Asker: 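A single structure is presented below for examination.
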Amino acid sequence: MSQKAPKLPNRQTPFSDAFVSFIATDWEPYPSELPAPLPASAHTAARRDAVSAAFPGERLVIPAGNLVVRSNDCDYPFRPHSAFAHLTGLGTDREPDAVLVLEPRLGEDAEPAGHDAVLYFKPRAPRTDPEFYADPRYGEMWVGQRESCEEMSALTALPTRPISDLPRALSDRIDTVAVRLVRDVDVPLTALLDSLRQEAKGDVDRVGDEELATALSELRLLKDDFELGELKTACDATAVGFAAVAADLPTAVANGRGERWCEGVFELHARHLGNGVGYGSICASGDHANTLHWIRNDGGLRDGDLILLDMGVEVDSLYTADVTRTLPVDGTFTAAQRQVYEAVLAAQQAGMDAARAGARFSDVHEAAIRVVATYLREWGILPVSVEESLDPVAGGQHRRWMVHGTSHHLGLDVHDCAQARKEFYREGTLRPGMVITVEPGIYFKSTDLLVPQELRGIGVRIEDDIVITDGAPRLLSDSLPRTADDVEAWLAAQRG
Ligand code: GLY
Ligand code: MN
Ligand code: MN
């Protein structure tokens with residue numbers, strides 16, 4: 001359901017009657033040929049079946065979300081909610097205000113018998129409708145041709161209905177059917193369903209809604225073959241973007257505000273090869289690398305410094321890569337930079353070696369952080385023994401230099417499966433088909449008096465994306481170099 005767009009009568013010229021009758025005439029008919037199905041649509045029915053099985057007999061409402069105003073009558077680019085994208089296969093730009101409803105079927109014995117999925121969306125208005133020319137948010141003259149119901153069905157392999165039918169469908173059987181909603185994605189829809197449920201049942205059942213969000217998040221812990229293919233494509237596109245940034249480092253140094261230059265070059269490729277970036281790019285040179293989510297990116301680049309680049313392309317199906325490389329700006333690591341880099345690489349390798357089916361998710365972090373703590377102690381920085389620091393209750397001193405976790409799930413969201421219960425996530429077991437990052441770092445702030453002078457201001461993170469398999473993990477981000485020597489050789493090759 002759409003949110004209100006502001007009216008701007010100070011700028012809109014009224015339409016004459018002559019224009020209104022003239023604009024509706026003499027257009028070619030819309031093509032009768034239906035569009036090809038979206039590649040994801042071959043995989044979404046199985047996902048919906050899994051949701052159906054988890055909530056027998058209940059109506060499940062999964063919105064795409066609304067356009068969000070950036071300022072006045074300008075909206076942010078639309079990105080559908082990830083649960084909606086997962087269950088419909090709709091990606092780039094599709095489909096503001098759409099809502100997927102899984103309507104419970106009853107068998108002959110009145111027992112729950114699966115669900116009928118229906119996609120409610122705003123089909124294109126006829127050219128006789130003022131929307132065609134007068135609606136800057138939805139009109140064909142402003143935002144391009146929309147799908148008919150038949151065309152949207154062909155794209156998604158889903159039955160479709162106009163969104164105007166949704167309020168009636170939601171009111172139907174409201175007294176008797178349990179309803180769960182992915183809350184707060186579509187603000188007017190949440191208000192409508194809350195009032196319908198409150199009136200019919202005297203209760204909104206927010207807990208039930210949370211359980212649905214959790215189930216949809218946990219459903220994404222295991223990726224199917226299509227998703228693994230999309231994530232590989234995202235990683236390969238990301239490597240193209242990294243290579244373009246590497247080739248342009250001398251220009252970034254020369255132009256000033258080089259972090260922004262790197263951000264812009266990567267985003268050019270992200271937008272060209274995919275939907276865009278999967279999260280705000282972190283382009284952090286020198287001491288900025290020690291700010292974990294440095295996205296201001298307004299610093300200059302200097303030869304002799306490192307630049308930490310944490311960037312990922314989100315492809316049109318909305319799966320994203322999440323990759324970090326820390327590069328010497330002038331092409332060659334100093335001895336101190338290489339010392340830190342190789343420690344982080346050893347920690348990352350230990351994390352990857354631990355990333356085996358059957359291991360705990362937390363084993364990856366524990367393996368990596370042990371290596372980090374060991375180096376910190378060896379360098380005389382960690383003031384307590386490795387074992388004392390790794391003590392989960394009384395220790396933790398090493399976290400001063402790596403405060404974040406080593407891994408998270410990756411998929412449609414950079415931090416995928418964020419609503420999964422901790423027993424399936426942080427305390428969960430790795431299974432074949434999971435995709436996680438492995439991203440240890442060591443961060444020595446320039447102001448840290450515990451760190452030897454020559455290491456201050458150095459921050460290194462190395463982040464790769466892996467698939468858990470029955471054997472060794474499969475590296476998705478294998479198109480980029482990892483070792484210090486390979487990074488230097490690759491940088492030289494990009495510069496030509
Ligand atoms: N790019 C954010 C992260 O690595 O988690
Ligand atoms: Mn990450
Ligand atoms: Mn990252």
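Sequence positions, counted from 1, serve as the residue numbers for this chain. Whatever order the structure lists ligands and atoms in, that order sets their numbers, starting from 1. Small disclaimer: the values here were computed from a predicted structure and weren't measured.
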Asker: Is H408 close enough that one of its N/O/S atoms sits under 2.8 Å from the Mn ion (ligand 2)?
Answerer: yes
Asker: Would you say the side chains of H408 and E439 form a donor-acceptor pair under 3.5 Å?
Answerer: yes
Asker: Heavy-atom count around R302 CZ within 6.0 Å, excluding the residue itself: above 12?
Answerer: no
Asker: Is any side-chain heavy atom of I462 closer than 4.5 Å to one of V460?
Answerer: yes
Asker: Report yes or no: does T88 contribute a side-chain atom to a donor-acceptor pair with the main-chain N or O of L90 at less than 3.5 Å?
Answerer: yes
Asker: Are there any protein N/O/S atoms under 2.8 Å from the Mn ion (ligand 3), and if so, which?
Answerer: D310 OD1, D310 OD2, D322 OD1, E463 OE1
Asker: Under 3.5 Å, is there a donor-acceptor pair between the T324 and E463 side chains?
Answerer: yes
Asker: Strictly by modelled atom types, are R48 and S52 linked by a side-chain donor-acceptor pair under 3.5 Å?
Answerer: no
Asker: Classify the ring geometry between F266 and F242 as parallel (under 30°), tilted (30 to 60°) or perpendicular (over 60°).
Answerer: perpendicular
Asker: Would you say Y425's side chain and H409's backbone share a donor-acceptor pair under 3.5 angstrom?
Answerer: yes
Asker: Between S317 and E230, do the side chains contain a donor N or O and an acceptor N or O under 3.5 Å apart?
Answerer: yes
Asker: Rounded to the nearest 0.5 Å, how far does CZ of F361 lie from NZ of K422?
Answerer: 14.5 Å
Asker: With a 4.0 Å heavy-atom cut-off, what residues sit around ligand 1?
Answerer: Y279, D310, D322, H408, H415, E439, E463
